[in-house]
Asks: 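Just dropping this structure here.
Along the sequence shown, residues are numbered consecutively beginning with 1. Fair warning: this is a prediction, and the values are worked out from it, not measured in the lab. In what follows, every heavy atom counts, from backbone to side chain, and hydrogens, waters and symmetry copies are set aside.
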Amino acid sequence: MKLDKIEKSILDAESHRLKNELAISTFLLSNGHALKCLIRAQQEKVWLDYQRAALATERSRLENSNHRRDELSSKLELRKLDLNVARDKLQQGVTALDNCKAELDRKREVERAVALEILAQRRRICEDLEKVYPIEAIVGRTLAFSIRGIELPNTSYDGYDEELLGTALGYTAHLVYLLSFYLGVKLRYPVYPSGSHSYIEDPVSVFQGSRTFPLWPRGSVYYRFEYGVFLLNKSIEQLMNSQSLLVIDLRHTLPNLKCLLLSMESNG
C-alpha cells in the first residue's frame with residue numbers, strides 16, 4: 001500500500017515537472033522577444049556605465065590638462081615679461097657700449113695727438129740740447145767725438161788732460177740727466193751733474209763704502225772713477241733701451257749719446 005502511494009507521488013511530481021516545463025517553454029516561446037530586449041537592455045546598461053566611467057576619466061584628464069595649460073600659459077607670460085626686461089637691459093647695454101666706444105675713440109684721438117705733440121716737443125728739446133751740448137765727430141779719427149769742443153775718449157784715458165776729461169764728463173753727465181728728465185726715464189744709477197766735479201750713484205750693487213762715484217779723475221781713486229764712467233755708460237744704455245735702440249759697444253760714450261739724439265730728432 002505504501003509503495004503504491006509512493007509511486008503515485010512520484011508520478012504526480014513527474015507530471016507537475018512536465019507541466020511546469022511545458023508552461024515555461026510556452027512562456028518563453030510567447031515572450032522571447034521581450035526577454036531578448038531585457039537582456040539587450042541589461043547589456044546596454046553595462047556598456048553605458050562603462051562609457052560613463054570612461055567619460056568621467058577623460059573629463060578628469062581634460063581638467064588636468066587645462067590646469068597644466070593655464071600654469072604653462074602663466075609661466076610663459078612671466079618669461080615674456082622677463083625677456084622684455086632683459087631685452088631692454090641689453091639695448092641699454094648696447095647703447096652704453098656704443099657710447100663707451102665713441103668715448104674711447106675720442107680719447108685715443110686725443111692720446112695720439114698728445115703723443116705726437118710730445119714727440120714734437122722732444123724733438124725740439126733735443127735740438128736745443130744739441131745746441132747747448134753739441135756732440136761732433138773728430139775729423140780723421142774713427143768713433144772719436146767731442147762735446148762742446150772737448151774730446152771724450154771711449155776707452156783709455158791715458159795721456160789726456162784730467163781737467164778737460166772731468167769737464168767733458170760733466171757736460172755728458174748733465175746731458176744724460178736732462179735727457180732722463182725729458183724722456184721720463186728714472187735712471188737706475190742717478191746722475192748728479194756738477195760741472196767738472198759731477199758724480200753718479202749706485203744704489204743697486206752690494207759693496208762696502210760710499211755708493212757715489214766721481215766722474216773726474218784728478219784727486220780720485222782711479223778704480224772708482226772708472227766704475228763711475230761705467231755707470232754713466234749704463235745710464236746711456238738705459239736711455240737708448242727706452243727708445244728701442246741697440247747698444248753695440250757700451251764703452252762708446254759720446255757715439256751712443258749722439259745716436260740717441262739723432263734717433264729722437266728723426267722720430268719727432
Side-chain angles (χ1 to χ4, degrees), residues 118 121-122 125-126 128-138 141-264:
I118 290 175
Q121 290 290 349
R122 285 178 176 175
I125 289 171
C126 287
D128 292 339
L129 288 177
E130 275 211 293
K131 292 177 182 178
V132 177
Y133 292 110
I135 299 176
E136 299 172 341
I138 298 176
R141 295 172 58 187
T142 304
L143 294 177
F145 285 82
S146 64
I147 182 168
R148 288 185 62 87
I150 301 176
E151 180 183 359
L152 179 62
N154 295 318
T155 53
S156 176
Y157 303 113
D158 294 338
Y160 285 87
D161 185 281
E162 292 183 348
E163 285 292 339
L164 294 178
L165 187 58
T167 302
L169 287 172
Y171 292 157
T172 304
H174 193 202
L175 182 56
V176 169
Y177 172 81
L178 293 174
L179 285 173
S180 69
F181 176 77
Y182 290 119
L183 291 178
V185 178
K186 184 177 181 180
L187 297 176
R188 287 186 290 270
Y189 308 108
V191 178
Y192 299 93
S194 182
S196 60
H197 283 74
S198 302
Y199 60 95
I200 192 168
E201 183 182 4
D202 182 3
V204 179
S205 302
V206 179
F207 48 79
Q208 298 293 329
S210 175
R211 291 184 174 274
T212 58
F213 297 88
L215 293 175
W216 68 91
R218 174 170 292 181
S220 302
V221 179
Y222 197 74
Y223 81 88
R224 294 182 64 83
F225 162 71
E226 286 187 319
Y227 188 66
V229 175
F230 168 76
L231 295 180
L232 180 64
N233 289 332
K234 291 294 291 184
S235 297
I236 295 173
E237 180 186 36
Q238 183 181 353
L239 293 176
M240 294 182 69
N241 290 338
S242 71
Q243 303 301 308
S244 302
L245 297 175
L246 180 64
V247 176
I248 303 300
D249 192 335
L250 187 66
R251 298 171 298 176
H252 294 167
T253 306
L254 291 182
N256 290 335
L257 204 51
K258 181 70 173 180
C259 178
L260 174 62
L261 291 171
L262 292 176
S263 175
M264 291 176 61

Asks: Is the shortest side-chain heavy-atom distance between L165 and L152 below 4.5 Å?
Replies: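 Yes; the side chains approach each other to less than 4.5 Å.
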Asks: Could you tell me whether Y177 atom OH has more than 12 heavy atoms of other residues or ligands within 6.0 Å of it?
Replies: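 No, the 6.0 Å shell around OH holds no more than 12 heavy atoms from other groups.
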Asks: Atom CG of L246 and atom CG of N256: how far apart are they, to the nearest 0.5 Å?
Replies: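 Going from CG on L246 over to CG on N256, the span is 9.5 Å.
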Asks: I'd like to know if the side chain of N154 and the backbone of L143 have a donor-acceptor N/O pair within less than 3.5 Å.
Replies: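 Looks like yes, one N/O pair under 3.5 Å.
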Asks: Using a 4.5 Å cut-off on heavy atoms from C-beta on, say whether the side chain of S235 contacts that of Y189.
Replies: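 Side-chain contact under 4.5 Å: yes.
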Asks: Given the rule in the side chain to side chain contact (heavy atoms under 4.5 Å, CB included) test, do L179 and L261 qualify, once you have shown the distances and angles that lead to the verdict?
Replies: CA-CA 9 Å; L179 285 173; L261 291 171; 3.9 Å; yes
Asks: Does any non-hydrogen side-chain atom of Y192 lie less than 4.5 Å from one of S194?
Replies: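 SC-SC contact between S194 and Y192 ruled out.
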Asks: Backbone N or O of V132 within a donor-acceptor pair of the R148 side chain at under 3.5 Å?
Replies: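 Checking the backbone N and O of V132 against the side chain of R148, a donor-acceptor pair under 3.5 Å is found.
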Asks: Hey, what's the ring geometry for F213 with Y227, parallel, tilted or perpendicular (30° and 60° as the breaks)?
Replies: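 Because their plane-to-plane angle is over 60°, the rings of F213 and Y227 count as perpendicular.
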Asks: Ring-plane angle category for F225 and Y222, please: parallel below 30°, perpendicular beyond 60°, tilted otherwise.
Replies: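 Tilted.
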Asks: Mind checking whether L187 and V176 have side chains closer than 4.5 Å, heavy atoms only?
Replies: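 Result yes, sub-4.5 Å side-chain heavy-atom pair found.
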Asks: Locate the shortest heavy-atom distance separating P193 from A173; write the atom from each residue and the value.
Replies: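 Of all heavy-atom pairs spanning P193 and A173, the closest is CB-C, 4.3 Å.
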Asks: Once you round to the nearest 0.5 Å, how far does CG of L239 lie from CG of L183?
Replies: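 Going from the CG atom of L239 to the CG atom of L183 covers 6.0 Å.
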Asks: So do P217 and Y157 actually touch side chain to side chain, heavy atoms under 4.5 Å?
Replies: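 Side-chain contact under 4.5 Å: no.
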Asks: Is there a side-chain contact between M240 and C259 in this structure, where contact means two heavy atoms from C-beta onward sitting under 4.5 Å apart?
Replies: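 A side-chain contact exists here, since the closest heavy-atom pair is under 4.5 Å.
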Asks: Measure the spacing between CD of E136 and CD of E130 and express it to the nearest 0.5 Å.
Replies: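 Output value for this atom pair is 9.0 Å.
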Asks: Enter the distance from L245:CG to L260:CG here, rounded to the nearest 0.5 Å.
Replies: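 Reported value, rounded in 0.5 Å steps: 6.5 Å.
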Asks: Quick check: closest heavy atoms across S210 and T212, and the distance to 0.1 Å?
Replies: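 S210 and T212 have their closest heavy atoms at OG-OG1, 3.0 Å.
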Asks: In Å, rounded to the nearest 0.5 Å, how long is the span from CD1 of I125 to CZ of F181?
Replies: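 I125 atom CD1 to F181 atom CZ measures 8.5 Å (nearest 0.5 Å).
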Asks: Supply the atom-to-atom distance L169 CG to Y199 OH, rounded to the nearest 0.5 angstrom.
Replies: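 These two atoms lie 15.5 Å from each other.
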Asks: Can you see which heavy atom on L254 is nearest to which on F145, and at what distance?
Replies: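 Closest heavy-atom pair between L254 and F145: CD1-O, 3.5 Å.
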Asks: Applying salt bridge (charged side-chain N to carboxylate O under 4.0 Å, His left out), which residue pairs with at least one partner in residues 226-247 are found, sequence neighbours left out?
Replies: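 For residues 226-247, and leaving out neighbouring residues, the salt bridge (charged side-chain N to carboxylate O under 4.0 Å, His left out) pairs sorted by first residue read K234-E237.
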Asks: Provide the full list of salt bridge (charged side-chain N to carboxylate O under 4.0 Å, His left out) pairs with a residue in residues 150-164, sequence neighbours left out, each pair given once.
Replies: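 Applying salt bridge (charged side-chain N to carboxylate O under 4.0 Å, His left out) to every pair that reaches into residues 150-164, excluding sequence neighbours, yields R141-E151, E162-R218, E163-R218.
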Asks: What pairs meet the salt bridge (charged side-chain N to carboxylate O under 4.0 Å, His left out) rule with one or both residues in residues 185-213, with sequence neighbours excluded?
Replies: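 Qualifying pairs: none.
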